[in-house]
2 protein chains.
Amino acid sequence: MNSSVEKDGQFVNLEAVAGGMPPEEALYDLAELFRAFGDTTRIKILSALSLSELCVADIAELLSMSQPAISHQLRVLRQARLVRVTRRGRSSIYALDDEHVRTIFDQGFRHVRHITPEGGENHG
Amino acid sequence: MNSSVEKDGQFVNLEAVAGGMPPEEALYDLAELFRAFGDTTRIKILSALSLSELCVADIAELLSMSQPAISHQLRVLRQARLVRVTRRGRSSIYALDDEHVRTIFDQGFRHVRHITPEGGENHG
DNA sequence: TCGATATATGCTTATATGCTCATATAATTA
DNA sequence: TAATTATATGAGCATATAAGCATATATCGA
């Protein structure tokens, strides 16, 4: 059985692992999703939107960043379907797309807090 | 009250939002966490490790990638505390660091499936 | 100790990404 | 329509990052 490789006394069936993994495209989409979360500016935007719907100018003011910089990042968030936008007058009002986004955000936050609770480093 | 800005008939209190957001450092850590998830190679590694502990060579074979490429990414995952490593003989056995990692991974997967169910593209 | 095996790490290059500046598009009002 | 306001977008630059190659480190066996 060439699918089982002995490694220091334990057996690992690589084919079983390969077979249990989701299809390549799904994993690509997943990485793309997390990549959208993986930037400080975008995380700040999502954090703000988890508290209130906001227009572009407000987000820019809140983060002390330029309007184009915010618009560029909002586009990334839109393409990743993490936020949705509705025009109201001259403004574009942005909001979290759905509760999944909040859940992923909160789950990540819990992980970070677990690793470094209360600002201290807790490796172990 | 300069903290409330009227926007097309609705009031948004920017200071309230600013006050409700986590400290800058926490948001930076959070982005860093998601950035570690935000690469196809690393997602594949995590997906594999969610099924079984694996040594470096097995991961390289599983993903059809070079050993140094895998080692480089494993280092990123280690630094983000998403995986832990234990030496067993000549091999380094990698595993998911804790259940939080699996939870974040699964939650993201549910989101992706929700957006594009059954492998089809569902772009609104 | 020497050789073989397994993994980790520098260094380098190609590519990706975030931001700025300038400008285009869209919506409101005179 | 023209002017104003709000947002979106394109080009370009500076930086970050993933992977390749070569090599260092570590462990085991003879």
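Letters A, B, ... are given to chains in the order of the sequence lines, protein chains preceding strands, and every chain is numbered from 1. Quantities reported herein were computed from a predicted structural model and do not represent experimental measurements.
Listed by chain and number, the residues in a side-chain hydrogen bond (donor to acceptor under 3.5 Å, both in side chains) with A:Arg84 amount to none (sequence neighbours excluded). Every side-chain hydrogen bond (donor to acceptor under 3.5 Å, both in side chains) that B:Gln107 has, sequence neighbours left out, goes to B:Arg110.
Remark: P of C:dG18 and CG of A:Leu77 are 10 Å apart, rounded to the nearest angstrom. Atom CD in A:Gln79 sits about 12 Å away from atom P in D:dA8, given to the nearest Å. Rounded to whole Å, the distance from CD1 on B:Ile59 to P on C:dA6 is 15 Å. Nucleotide D:dT7 holds its P atom 12 Å from the CD atom of A:Glu61, rounded to whole Å. Rounded to a whole Å, the CD1 atom of A:Ile93 is 7 Å from the P atom of D:dT7. One interatomic measurement links the two molecules: CZ of B:Arg87 to P of D:dC28, which rounds to 8 Å at whole-angstrom precision. Here the P atom of nucleotide D:dG20 and the CD atom of B:Gln73 are 10 Å apart, to the nearest Å. Across the protein-nucleic acid pair, A:Gln67 atom CD and C:dT23 atom C1' stand 12 Å apart, rounded to whole Å.
Taking the six-membered ring for Trp and thresholds of 30 and 60 degrees, B:Phe37 and A:Phe34 have ring planes inclined between 30 and 60 degrees apart.
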**Request:** Check the pair A:Ile45, A:Leu62 against side-chain contact (heavy atoms from CB on, under 4.5 Å), reporting the backbone distance first and the verdict last.
**Result:** CA-CA 9 Å; A:Ile45 293 174; A:Leu62 201 59; over 6 Å; no
**Asked** Checking side-chain contact (heavy atoms from CB on, under 4.5 Å) for the pair A:Ser71/A:Val56: CA distance, chi angles, key distance, verdict?
**Response** CA-CA 7 Å; A:Ser71 273; A:Val56 177; 3.9 Å; yes
**Message:** Go through it in stages, so that I can follow the logic: the residues are A:Ile104 and A:Leu33, the test is side-chain contact (heavy atoms from CB on, under 4.5 Å), and I'd like the CA-CA distance, side-chain angles, deciding distance and then a yes or no.
**Reply:** CA-CA 10 Å; A:Ile104 295 170; A:Leu33 170 71; 4.1 Å; yes
**Request:** List the steps, then state whether side-chain contact (heavy atoms from CB on, under 4.5 Å) holds for B:Gln73 with B:Met65.
**Result:** CA-CA 11 Å; B:Gln73 297 306 340; B:Met65 290 181 63; 5.8 Å; no
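Annotation: the span from B:Leu46 atom CG to B:Leu77 atom CG amounts to 5.0 Å, rounded to 0.5 Å. The CG atom of B:Leu74 sits 5.0 Å away from atom CD1 of B:Ile59, with the distance rounded to the nearest 0.5 Å.
Between A:Val101 and A:Leu49, every side-chain heavy-atom pair lies at or beyond the 4.5 Å cut-off. Between A:Tyr28 and B:Ile43, the closest side-chain pair of non-hydrogen atoms is not below 4.5 Å.
The side chain of B:Val56 lies closest to C:dT7, out of C:dT7, D:dT7, C:dT9.
Residues in residues 92-101 of chain B take part in these salt bridge (charged side-chain N to carboxylate O under 4.0 Å, His left out) pairs, two or more places apart or across chains: B:Glu99-B:Arg102.
Between C:dT7 and B:Ser91, a contact under 4.0 Å exists linking OP1 or OP2 to a side-chain N or O. Within the structure, a side-chain polar atom (N or O) of A:Ser66 is placed less than 4.0 Å from OP1 or OP2 of C:dT20. OP1 or OP2 of D:dA8 has not a single side-chain nitrogen or oxygen of A:Arg90 nearer than 4.0 Å. In terms of phosphate contacts, A:Tyr94 brings no side-chain nitrogen or oxygen within less than 4.0 Å of OP1 or OP2 of D:dA6.
When the local axes at the two ends of the helix from C:dT1-D:dA30 to C:dA30-D:dT1 are compared, using 5 base pairs at each end, they differ in direction by 20° after rounding to 10°.
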Could you list all N or O pairs between the protein and nucleotides 10-12 of chain D that sit under 3.5 Å apart?
| residue | atom | partner | partner atom | Å |
| --- | --- | --- | --- | --- |
| D:dG10 | O6 | A:His72 | NE2 | 3.0 |

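Residues of residues 35-45 of chain B having a heavy atom closer than 4.0 Å to DNA chain D, listed by number: B:Arg35, B:Asp39, B:Thr41, B:Arg42.
If you check every strand for non-hydrogen atoms under 4.0 Å, A:Ser92 touches sugar and phosphate atoms only.
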